[in-house]
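Below, chain A is the first sequence line, B the second, and so on; all start at residue 1.
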Amino acid sequence: MEKSFEPAQIESKWYERWEASGAFQPSGQGEPYCILLPPPNVTGTLHMGHAFQQTVMDMLVRYQRMRGMNTLWQVGTDHAGIATQKIVENQLAVEEKTRHDLGRDAFVERVWKWKEESGSTITNQMRRIGAAADWSRERFTMDEGLSAAVRKVFIDWYRAGLIYRGNRLVNWDPVLGTAVSDLEVNNIERDGHMWSIRYQTSDGKDSVVIATTRPETMLGDVAVAVHPEDERYTHLIGKTLALPLTGRQIPIIADAYVDREFGTGAVKITPAHDFNDYQIGQRHGLPLMTVLTLDAKIISPATSVTPATGGPAQIGSRGLAVTHEPTKYIPEKYWGMDRFAARKAIVADLEAAGLLVETKPHKLQVPVSDRSDAVIEPMLTDQWFVDLTSDTLADGRPGGRKTITEPALDAVRSGEIKFVPENWATTYTQWLDNIQDWCISRQLWWGHRIPAWYDEAGNIFVGEDEADARKSATTTPVGALRQDDDVLDTWFSSALWPFSTLGWPANGPVKNERGEVVANWEQDKIFLPSAVLVTGFDIIFFWVARMVMATKYFTGQVPFREVYINAIVRDAEGQKMSKSKGNTLDPLDLIDGIELEPLVAKSTKSLLIPQVREKVEKRVRKDYPDGIPAIGTDALRFTFAALASYSRTINFDIKRAEGYKAFCNKLWNAARFVLMNLPEGEIAAPAGTPVTEAERWILTRLKQTLGEVEQHFISYRFDHLAQALYEFTWNELCDWFLELSKPALNGDDVVAAASTRHTLLVVLESVLRALHPIIPFITEEIWQSVAPKLALTENSLMQRSWPRAEEIVADDAATAEIEWFKNVLSGIRKIRSEMNISPAKTIPLLLADGDASDRVRITKFAAQIAFLARTETPQWIESGADEPAAAAAVVGTLRVMIPLAGLIDLGAEKARLAKEISRIEVEIKKCEGKLGNANFVANAPAEVVVQERQRITDWNTTLTALREQAQKLG
RNA sequence: GGGUGCUUAGCUCAGCGGUAGAGCGUCGCCCUUACAAGGCGGUGGUCGUAGGUUCGAUCCCUACAGCACCCA
């Protein structure tokens, strides 16, 4: 083995060998254990969040595989509709083209090409972090099999009446030209204005002042609403107002939704451009008047306001009249104006008309598209929806709430699905309790095209293809059929991931484009439900809930038994990582290291605004003046494990990672030590139990540690798990057992030496197995050198079983011996250090008092003490004999002494003793305080009182010895 | 407005009813033949504030303050 741990050298070779050996595939034996990878964007790159999440999954999968489970880590990628389409559109923009210049087919072909080029980036990066996933079953949400699942689900839900087409208000992104999910809309607080506008009654005798942040939508006002009990307005309810700038007559209505305290207590109602107003409009049977086009301009006779969505527009799904005839209600001067220009113009015109009562600054929540940063416009369009809210359909069949939403709620409420940490279940159920119908159509070209056709009369035909749609139709199509232009929301296909990846809906083998079998539902359905879903809280709604809905509906099963919600990775100061802040970290840069200049170049590459570039460059130069050191995959993984508590964020501190690289080096060198102390060839196991206390102690500690680690795996406490193994390896194995083995290996007792050699090997091999799920590369590399010594026949550490606590014998007596030994040695070390005795100097050691067991132990450990504390052979001072002035450590009643002569300053030792005595006196006072309190003795549990009494006894023993020593020094 | 968290050593975080812990940093000594990415030893905290419950509170309860995030 090399003298120090070099991650780059060992990481490069193992992954390929593991993958080629088929070790990542299900063994076909044992209980099924499946983890689904949240499919990343196929054209994306790996970020810290992925690396963290995947490390967690990999630890679980590797651990369960070693425990003999039939493990499947199902991987694949997502087509990420909007994101991917946007990347390719941006590429076209560089060529000064739009997707419309290419046409649909050519554009989609181009996206596929981009997918082929960049699609393997993220999966190769996953390999770099060691993900032991079954790549032979890798899937893509738009591959043949998964697309078949999408069609089947759409058709089945449609035929069950659970998918419908409706003209509804949706979140419209006017830049991307598509509907987006309300989950893709962020409400951001921005500075705006609150305008108060006077609307006069039709008879001119009275007026109402309304307050609004969006005056341009007044063109579509159809009413003004007040609270029914608002005395300021009750006399006006039922009267009509003349809408300023247009003169159109609109009613004053009463609705309890109106907040009397807000603004003037009177609100304009624009049902076609506001979600709340839409609700009020429905309650009062108000018409919908569209004033904006799909690119957010005021409508004009020249612009089409009928959404360019797939099929023919339908008139108001809930029986409301929809109007979009600008000539009837929009003054010509506003026609075609951009929404923000129109706002200015209308405010100016109102002011000129003397109707603008007040303008004041106002902070408002602006809905902004997550995808384009455009301000979202609620817009009436024709879209497809999944019904999640109705109990029964018009024809009497059960509705979506009964068949989709409630089963998904019950799965969590009943405990069939468990969230970890469990409070996320609340988030899940609250969202589902208030869920709206799911808008699943998107006005994009990249995605699963909706399997619906329209005839010339606007009738809908749904099927696998046009022929199937015709065949299953109940009416005869009028003229030619035309397929809907729109595609489905990406999450529609992701929702099917738990079963579509296993081969559903096909009955037999499913092949990929290379003709290889990737799934077979008949056999693979044993992996449903999967064991645990590891994912971020930000997609509980997007994805987790929808997987439960779809999987429950189509398979009757839950998709997973547990959902481990992992923390979000932030920078060391707790700031969200963002490119424009310059605080992102590329996991591969941590693994491989990167020099400062390339790092600066990389961090600023995609930033277009000069000020931002400058800011980011400054920050990178400040944070990483020497670039980023290479810490290797194993250390990065260990860091993630150590940081993975139940906290909802983890602040990634590179210092922490460097510390865990040191841990890897420690393990490496411990292995070197063990191996260099072994003779050639196999090391046979000596008969019987290990000879020395040290061996039996380290095995006891190993047993305890493994037991703890198993518990931490069950509870997903990777931080505790990592810490338990870290402490065992470093603080017990390296600091004590390896040190204790030195005198044993070099001593005269050949039996003890042979036994110790074997135990060193066994404990090392067990630790490698225990650590392998966290740090697979280094453990495999070391194990390859260790295995022949134990005559192990497996080819890889991956094939070994995880070490089980119950296979190890504990020895409490040996543990007590070693704890005593550690106390003696620490006492001596403390004196040496505090008295500034050179570590190289061998010093005399005297012993006094103590009991019979101390005598036995001193005899037993004399060689170890002398070796590890650099002392001469210990000498007993018999009771009553003269003692030289000495510094002493007290262990029980035993005094362990180092003579002062020539070594120690008497004053310093007195001071040291005095400090120790006063510390113990404080402790004793605390104990006495408790025990002197009758209430404590009466009320505290008996064992606590006993424990307190024991403590005071122990303290007093030590105190007596210390005082005796102090007295001897004079 | 509704909801969920967080506040513990200089930093990043565990602990959550009975002796305040880890890693990193820091200070001192040491290049001792596994490891200076190391060894040994030390320093460092009235556990956000104020009340309450309890024999006992960092831990439970209430209020407040500050900081996040989610949903309207």
Side-chain angles (χ1 to χ4, degrees), chain A residues 1 3-6 182-183 186-187 259 262 275-276 365 421 423-424 426-427 430-431 434 537-538 540-541 568 570-576 629 631 635 639 642-677 717 719-720 722-724 726-727 730-731 734-735 738-739 741-742 746 760 825-826 828-842 867-870 922-923 926-927 929-941 943-945 947-948 950-952 954-955:
Chain A
M1 284 173 74
K3 182 154 184 190
S4 66
F5 160 62
E6 297 298 337
D182 44 1
L183 298 171
N186 300 315
N187 289 301
D259 179 357
F262 189 79
F275 288 100
N276 291 318
Q365 298 285 319
N423 49 298
W424 289 110
T426 315
T427 307
Q430 281 179 355
W431 184 72
N434 297 300
F537 71 84
D538 48 338
I540 289 177
F541 310 139
I568 301 298
R570 297 172 175 246
D571 75 5
E573 279 98 49
Q575 296 288 311
K576 218 168 173 172
I631 61 158
T639 310
L643 292 174
S645 66
Y646 278 177
S647 161
R648 58 172 62 181
T649 57
I650 61 174
N651 298 349
F652 191 89
D653 188 349
I654 198 164
K655 287 273 165 51
R656 201 77 192 251
E658 287 169 19
Y660 292 121
K661 185 185 178 187
F663 174 73
C664 291
N665 188 55
K666 189 77 181 173
L667 178 65
W668 182 266
N669 277 290
R672 280 183 65 224
F673 171 81
V674 173
L675 292 170
M676 71 176 51
N677 277 291
R717 285 306 300 259
D719 56 335
H720 288 167
Q723 193 176 349
Y726 182 101
E727 279 177 4
W730 200 315
N731 304 128
C734 291
D735 287 351
L738 259 50
E739 294 306 321
S741 76
K742 289 173 184 174
N746 300 320
L760 278 169
L825 205 64
S826 294
I828 301 168
R829 282 174 173 171
K830 206 177 268 193
I831 293 168
R832 290 193 73 124
S833 181
E834 288 180 16
M835 295 298 121
N836 268 325
I837 300 167
S838 158
K841 188 169 175 62
T842 303
F867 183 88
L868 294 176
R870 284 237 175 184
V922 168
E923 296 294 344
K926 278 201 235 168
C927 289
K930 281 189 184 178
L931 290 167
N933 181 345
N935 284 325
F936 172 76
V937 180
N939 294 318
E943 67 265 28
V944 174
V945 178
Q947 178 190 303
E948 213 59 32
Q950 183 60 49
R951 283 188 61 212
I952 203 166
D954 292 347
W955 286 129

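Within the 4.0 angstrom heavy-atom criterion, base atoms lie near E6(A). Within 4.0 Å of Y726(A), counting heavy atoms only, lie sugar-phosphate atoms of the nucleic acid but no base atom. Within the nucleic acid shown, C734(A) comes within 4.0 Å of at least one base atom, counting heavy atoms only. Counting non-hydrogen atoms under 4.0 angstrom, K742(A) reaches a base of the nucleic acid. Backbone-only engagement by K655(A) is indicated by non-hydrogen atom pairs under 4.0 Å involving sugar-phosphate atoms exclusively. No engagement by I837(A) is indicated, since no non-hydrogen atom pair under 4.0 Å with the nucleic acid exists. Residue contacts shown for A670(A) include a base, since a base heavy atom lies under 4.0 Å away. Looking at heavy-atom distances under 4.0 Å, E943(A) makes no contact with the nucleic acid at all. Contacts of R672(A) with the nucleic acid, taken as non-hydrogen atoms under 4.0 Å apart, involve only primed sugar atoms and P, OP1 or OP2.
Toward the 5′ end of RNA chain B lies the nearest nucleotide of R656(A), the other residue of the pair N731(A) and R656(A) mapping further downstream. For the pair R717(A) and W955(A), both in contact range of RNA chain B, the more 5′-proximal nearest nucleotide belongs to R717(A).
With both ends at atom P, the span from G1(B) to A9(B) equals 32 Å, rounded to whole Å. G38(B) and G25(B) are spaced 8 Å apart, taking the P atom of each and rounding to whole Å. Taking atom C1' on both nucleotides, G45(B) is separated from C13(B) by 15 Å, rounded to a whole Å. Of the P atoms belonging to A57(B) and A50(B), the separation is 15 Å, rounded to the nearest Å. Comparing G56(B) with C60(B), their C1' atoms sit 13 Å apart, to the nearest whole Å. A gap of 14 Å separates the C1' atoms of A14(B) and C6(B), to the nearest Å. Straight-line distance between the P atoms of C16(B) and U53(B): roughly 25 Å, to the nearest whole Å. When the P atom is used for both A37(B) and C24(B), the distance is 13 Å, rounded to whole Å.
By the 30° and 60° cut-offs, the orientation of the rings of Y726(A) relative to F663(A) is parallel.
Across all strands shown, C29(B) pairs with G39(B); the Watson-Crick or G-U wobble distances both stay below 3.5 Å. With a cut-off of 3.5 Å on both pairing distances, the Watson-Crick or G-U wobble partner of G51(B) is C61(B). Checking U4(B) for Watson-Crick or G-U wobble geometry (two distances, each under 3.5 Å) identifies A68(B) as its partner. Of the nucleotides present, none pairs with U46(B) by Watson-Crick or G-U wobble criteria with both distances under 3.5 Å. Nucleotide A20(B) is matched to nothing when pairs are restricted to Watson-Crick or G-U wobble geometry with both distances under 3.5 angstrom.
Put simply, CG on L667(A) is 16 Å from P on A34(B), counting in whole angstrom units. In this structure, I650(A) atom CD1 and C6(B) atom C1' are separated by 16 Å, rounded to whole Å.
In this structure, R570(A) forms no cation-pi arrangement with F652(A), as its terminal cationic atom is not both closer than 6.0 Å to the ring centre and no more than 45° off the ring axis. A cation-pi arrangement is present between K742(A) and F673(A), with the terminal nitrogen or guanidinium carbon under 6.0 Å from the aromatic centre and inside a 45° cone about the axis.
Between K666(A) and G39(B) there is a side-chain polar atom (N or O) within less than 4.0 angstrom of OP1 or OP2. OP1 or OP2 of A20(B) has at least one side-chain nitrogen or oxygen of K926(A) nearer than 4.0 Å. A close approach under 4.0 Å does not occur between any side-chain nitrogen or oxygen of W730(A) and OP1 or OP2 of A34(B). Distances shorter than 4.0 Å separate some side-chain N or O of N939(A) from OP1 or OP2 on C55(B). Between R870(A) and the phosphate of C29(B), there is no side-chain N or O to OP1/OP2 separation shorter than 4.0 Å. The phosphate of C35(B) (OP1 or OP2) has a side-chain N or O of K3(A) nearer than 4.0 angstrom.
With hydrogens and angles ignored, the 3.5 Å screen pairs no side-chain donor or acceptor of S833(A) with any backbone N or O of K830(A). Although no hydrogens or angles enter the test, the distance criterion places a donor-acceptor pair under 3.5 Å between the side chain of R870(A) and the main chain of A840(A). The backbone N or O of F5(A) lies less than 3.5 Å from a partner atom in the side chain of N665(A), making a donor-acceptor pair. A donor-acceptor pair under 3.5 Å links the side-chain atoms of R832(A) to the main chain of K841(A), judged by distance alone.
Side-chain proximity of S833(A) to the nucleotides G15(B), U32(B), C40(B) is greatest for C40(B). Of the candidate nucleotides G41(B), U19(B), G15(B), G15(B) has the atom nearest to the side chain of H720(A). For N423(A), whose side chain is taken as the heavy atoms from C-beta onward, the closest listed nucleotide among G18(B), G5(B), G42(B) is G5(B). If you check C55(B), G42(B), A37(B) against the side chain of N933(A), the one that comes closest is C55(B). Comparing C35(B), A14(B), C55(B) by their nearest atom to the side chain of D719(A) picks out A14(B). Nearest nucleotide to the side chain of Q430(A), out of G41(B), G3(B), G39(B): G3(B). Closest to the A662(A) side chain, of the nucleotides C29(B), G38(B), G41(B), is G38(B).
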Fill in the blank from the handout: Under a 4.0 Å heavy-atom criterion, the protein footprint on nucleotides 67-72 of chain B, written with B, S and -, is --S-SB

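A pairwise comparison of heavy atoms in A657(A) and T639(A) identifies CA-OG1, 3.2 Å as the closest pair.
Within the model, atoms CD of Q947(A) and NZ of K930(A) stand 8.0 Å from one another, a figure rounded to the nearest 0.5 Å.
The closest side-chain donor-acceptor pair between D719(A) and Q723(A), if any, does not fall under 3.5 angstrom.
E948(A) has a carboxylate O that lies under 4.0 Å from a charged side-chain N of R951(A), or vice versa, which qualifies the two as a salt bridge.
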